[in-house]
**Student:** 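One structure is given below, represented as structure tokens, and several questions about it will come after.
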Amino acid sequence: LLKVAAIAPCAPLIHGVQAASSTIFGAAPFRRVRPSDPSWPDAGQWAHLKESVGGQLLGVQPMFATCGKSKDGAACLDALEGIRNPYWIGDQPAGTQVSGWLDAWTPAPSAYAIKARNAADVAAGVNFARQHRVRLAIKGGAHSYQGTSDAADSLLIWTRAMDEVVLHDAFIAKGCEGHAEPVPAVSAGAGAVWADLYHIVSVEAGHYVQGGSCTSVGVAGLIQSGGFNWFSKRFGTAASGLLEAEVVTADGQVRIVNACNDPDLFWALKGGGGGTFCVITRVTLRTHDLPSFIGGAGGKIKARSDEDFRTLIARFIDFYRAHLFNPHWGNNVNFSPDNTLEISLISQDLTNAQVVEVWSLFVDWVKSSPERFTFASPPGAGAGDPRTLWNATGDNWIHDPRKGAIPYRVWNRSDQDECGAFLHGYESLWLPASLLQRDQRPQLVNALFAASRHKQVHLHLCKGLAGGSDEAREAALQTAMNPAVVSAFTLAIIADGEGPQYPGMPHPPLDLAAARRDARDIDLAAAELRKIVPHPGSYVSESNYFNRSWQRAFWGDHYPRLRAIKKRYDPDGLFFVHHGVGSEEWSADGFERL
Ligand SMILES: Cc1cc2nc3c(=O)[nH]c(=O)nc-3n(C[C@H](O)[C@H](O)[C@H](O)COP(=O)(O)OP(=O)(O)OC[C@H]3O[C@@H](n4cnc5c(N)ncnc54)[C@H](O)[C@@H]3O)c2cc1C
């Protein structure tokens with residue numbers, strides 16, 4: 001070919017060479033543009049987009065951009081203060097609730113953001129990105145551990161301002177009239193966070209909506225993950241409660257999707273992963289009666305020796321299987337290298353007397369061997385009025401201190417360390433309930449003990465639906481989540497990191513060697529659990545960035561169906577996220593089709 005080109009002075013032959021080379025080597029790969037490319041949209045085209053979204057097109061700067069000029073300037077100090085507040089972070093176009101992940105991703109802002117007001121603004125952004133080959137990113141509550149709402153040189157569709165919440169006494173999805181009974185429900189703009197829904201649905205209206213535990217998480221991101229809180233064993237996943245969504249697809253169409261319209265797309269939105277199939281602009285979720293009581297039990301127990309700790313783990317697993325493995329109980333237990341067991345349980349629909357009675361069975365056993373076990377923090381248990389859980393009073397809630405802040409946008413004191421955290425590593429595994437059978441419990445105990453020698457192991461008991469209500473399990477099987485969630489009694493999470501490390505932020509240098517050691521310990525701990533669950537499922541949004549079996553781990557047998565839906569609604573891959581459905585067709589940054 002080169003020979004022909006060298007002796008060919010005339011245009012037609014050169015055209016011929018180009019045609020031949022493209023037949024032999026295939027067409028040039030599809031590439032999205034960056035600001036440095038000649039085909040990046042010009043100022044006039046951006047101005048036109050700005051006009052079509054009512055002026056809500058913003059240039060985006062890194063959160064600590066001003067610190068380069070002056071570390072003591074007001075803007076830099078404001079950002080340093082702000083990163084302790086998840087709502088401040090959420091209000092920044094470049095904000096990410098996680099400040100990065102060692103060797104995985106670093107926050108890097110979009111070139112522009114549309115602060116969308118409605119579906120029409122979103123459609124304008126989608127059409128612009130498609131027509132100009134601009135990389136698109138979508139962000140709601142900014143809580144992606146994987147950095148999937150953050151992409152350098154992209155156009156960001158930012159739903160933060162779309163946070164209206166509306167209650168319905170009797171909702172029927174559009175087009176489902178005659179096929180479905182009306183049910184109580186709540187609609188929320190894609191930018192709403194769970195604090196908004198819990199306040200309006202539970203505190204004001206006395207109902208319950210299934211969402212996340214962390215109040216600052218965005219509704220659209222959580223539903224597309226699946227979504228759990230303490231009460232998931234009773235009410236199921238957040239995705240299971242989805243009745244309808246307003247969305248904008250890659251062709252720029254605004255659609256109402258539900259069980260009767262675009263049912264495949266609707267199914268994919270229920271746990272098929274965020275930022276992948278379309279932009280959600282509004283969701284409508286089923287609401288329930290509030291449980292009659294909400295309560296909890298907890299304490300921290302230290303074992304004197306390794307053998308005592310093994311005994312403590314075994315006893316707790318027996319106690320869990322006998323008394324807590326049912327729809328009433330959720331939340332976490334942690335097994336730590338210092339031989340402590342930290343228990344933090346949340347209950348619903350059990351009276352104060354019932355909670356205290358169950359908990360005392362375990363506490364009395366611990367107290368009966370003071371030479372082996374001591375309480376590092378005192379045990380406690382109780383239950384009360386369910387509305388008080390989210391009424392934003394009490395020491396456990398931190399209020400947004402900014403002037404004019406929405407008073408019910410609070411966050412839990414126990415979530416403070418997550419704010420701006422920098423991750424060294426993260427792993428999650430669904431542990432099947434078969435491990436709770438009497439003959440398999442010794443294996444489970446040994447694996448938990450062995451894993452806890454390397455790193456703290458958290459069992460998120462509410463993130464596995466085995467032991468839950470029939471309705472919760474049945475509904476989860478109608479979603480796109482890995483069906484492993486239904487046969488698992490818990491999601492085991494092993495993760496660690498340190499305080500904020502945002503780019504440009506003044507902070508002492510990262511101790512890379514120590515951080516990598518930490519990441520390795522997480523791997524070693526996870527390897528111990530893999531010995532008893534060799535091919536574990538994993539929760540897409542709380543998972544290892546480096547999971548090489550991500551398709552199977554996140555979606556199991558559902559992956560081929562999800563891939564087909566992706567191809568149908570987004571054939572050109574406009575929506576791309578790391579380890580999202582169909583992302584294997586793209587370079588890691590989502591700019592080049594492979
Ligand atoms: C501190 C913290 C606490 C958490 N707590 C919980 C918990 O209690 N329970 C639980 O189940 N999970 C929890 N998670 C995981 C969380 O549910 C997911 O990370 C979720 O995807 C976050 O949604 P978001 O809107 O806040 O985040 P974003 O980062 O804004 O979005 C997450 C993903 O969804 C996409 N997305 C966002 N909005 C839209 C939209 N409108 N249309 C299409 N795609 C969209 C983004 O592109 C991105 O890929 C937590 C995460 C963190 C960091």
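All ligand and atom numbering here is 1-based and tracks the order in the structure. Computed from a predicted structure; not experimentally measured.
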**Student:** Which option wins on minimum heavy-atom distance to atom 11 (O) of ligand 1: Phe277, Tyr145, Tyr539, Trp411?
**Tutor:**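 Residue with the shortest heavy-atom distance to the ligand atom: Tyr539.
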**Student:** Flag the pair Lys463 and Glu542 as a salt bridge only when some basic side-chain nitrogen lies within less than 4.0 angstrom of an acidic carboxylate oxygen.
**Tutor:**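 Result for this pair is yes, salt bridge flagged.
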**Student:** How close does the nearest protein non-hydrogen atom get to atom 53 (C) of ligand 1, and which residue and atom is it?
**Tutor:**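 Looking at atom 53 (C) of ligand 1, the protein heavy atom closest to it is His143 O, 3.1 Å.
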**Student:** Would Arg34 pass as a cation-pi partner of Phe591, given that its NZ or CZ must be under 6.0 Å from the six-membered ring centre and within 45 degrees of the axis?
**Tutor:**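 Judged by the rule, Arg34 and Phe591 form a cation-pi pair.
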**Student:** Who gets closest to atom 9 (N) of ligand 1 by heavy atom: Phe228, Trp230, Phe575?
**Tutor:**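 Ranked by closest heavy atom to atom 9 (N) of ligand 1, first place is Phe228.
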**Student:** Between ligand 1 and Ala220, is the shortest N or O to N or O distance under 3.5 Å?
**Tutor:**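 No, there is no polar N/O contact under 3.5 Å.
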**Student:** Is it the case that Arg561 places NZ or CZ above or below the six-membered ring of Trp555, under 6.0 angstrom from the centre and within 45 degrees of the axis?
**Tutor:**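 Not flagged: Arg561 not positioned over aromatic ring of Trp555.
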**Student:** With backbone taken as N, CA, C and O and side chain as the heavy atoms from C-beta onward, which portion of Ala142 lies under 4.0 Å from ligand 1: side chain, backbone, both, or neither?
**Tutor:**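 Answer for Ala142: backbone.
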**Student:** Look at the rings of Tyr539 and Phe228 and say which category their plane angle falls in: under 30° parallel, 30 to 60° tilted, over 60° perpendicular.
**Tutor:**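 Perpendicular.
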**Student:** Under the criterion ring pair (Phe, Tyr, Trp, His ring centres under 6.0 Å), which of Tyr426, Trp550, Tyr145, Trp101 is the partner of Tyr545?
**Tutor:**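 Single pass found, and it is Trp101.
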**Student:** Please report whether ligand 1 has a polar contact with Gly140, defined as an N or O pair separated by less than 3.5 Å (distance criterion only).
**Tutor:**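 In this structure, Gly140 places an N or O atom under 3.5 Å from an N or O of ligand 1.
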**Student:** Nearest non-hydrogen contact with atom 48 (C) of ligand 1 belongs to which option: Val122, Thr281, Asp150, Thr148?
**Tutor:**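 Nearest heavy atom to atom 48 (C) of ligand 1 lies in Thr148.
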**Student:** Check Asp91 with Arg160, please: is the shortest side-chain N to carboxylate O separation under 4.0 Å?
**Tutor:**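 Salt bridge: yes.
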**Student:** What part of Ser213 sits under 4.0 Å from ligand 1 if we count only heavy atoms: the side chain, the backbone, both or neither?
**Tutor:**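 Within the 4.0 Å criterion, Ser213 contacts ligand 1 through backbone and side-chain atoms alike.
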**Student:** Tell me, which protein residue and heavy-atom name are nearest atom 25 (O) of ligand 1, and how many Å apart are they?
**Tutor:**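 Sorting protein heavy atoms by distance from atom 25 (O) of ligand 1 puts Gly141 N, 2.9 Å first.
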**Student:** With backbone taken as N, CA, C and O and side chain as the heavy atoms from C-beta onward, which portion of Ile280 lies under 4.0 Å from ligand 1: side chain, backbone, both, or neither?
**Tutor:**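 Answer for Ile280: both.
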**Student:** Heavy-atom pairs closer than 4.0 Å: do any link ligand 1 to the side chain of Gln146, the backbone, both, or neither?
**Tutor:**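 The answer is neither.
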**Student:** Return a yes/no value for Val98: is any of its N or O atoms, backbone included, closer than 3.5 angstrom to an N or O of ligand 1?
**Tutor:**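 Between Val98 and ligand 1 (N or O atoms, distance only) the closest approach is not under 3.5 Å.
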**Student:** I'd like to know if Cys278 contacts ligand 1, where contact means a heavy-atom distance under 4.0 Å to any ligand atom.
**Tutor:**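 Flag set, Cys278 near ligand 1.
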**Student:** At what distance is the nearest protein heavy atom to atom 39 (C) of ligand 1, and which residue and atom is it?
**Tutor:**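 That would be Ile138 CG2, 3.5 Å.
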**Student:** Give the residue, atom name and distance (to 0.1 Å) of the protein heavy atom nearest atom 32 (C) of ligand 1.
**Tutor:**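 For atom 32 (C) of ligand 1, the nearest protein heavy atom comes out as Ser144 CB, 4.0 Å.
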**Student:** Quick check, are the ring centers of Trp267 and His558 under 6.0 angstrom apart?
**Tutor:**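 Between His558 and Trp267, which both carry aromatic rings, the centre distance is below 6.0 Å.
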**Student:** What do you reckon, does Gln97 put a non-hydrogen atom under 4.0 Å from ligand 1?
**Tutor:**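 Not so, Gln97 does not reach ligand 1.
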**Student:** How far is atom 14 (N) of ligand 1 from its nearest protein heavy atom, and which residue and atom name does that atom have?
**Tutor:**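 Its nearest protein heavy-atom neighbour is Glu542 OE2, 3.3 Å.
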**Student:** Please list the nearest protein heavy atom to atom 45 (C) of ligand 1 with its residue and the distance rounded to 0.1 Å.
**Tutor:**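 Its nearest protein heavy-atom neighbour is Gln224 NE2, 3.5 Å.
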**Student:** Could you check atom 34 (O) of ligand 1 against the protein and tell me its nearest heavy-atom contact, residue, atom and distance included?
**Tutor:**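 For atom 34 (O) of ligand 1, the nearest protein heavy atom is Gly274 CA, 3.5 Å.
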**Student:** Where is the nearest protein heavy atom to atom 31 (O) of ligand 1: which residue, which atom, and how far?
**Tutor:**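 Going atom by atom, the protein heavy atom closest to atom 31 (O) of ligand 1 ends up being Ser149 CB, 4.1 Å.
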**Student:** For ligand 1, is Asn229 a contact, meaning one of its heavy atoms is under 4.0 Å away?
**Tutor:**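 Checking ligand 1 against Asn229, which is what was asked, there is no heavy-atom contact under 4.0 Å.
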**Student:** Among Gly189, Cys214, Gly221, whose heavy atom sits nearest atom 21 (O) of ligand 1?
**Tutor:**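 That would be Gly221.
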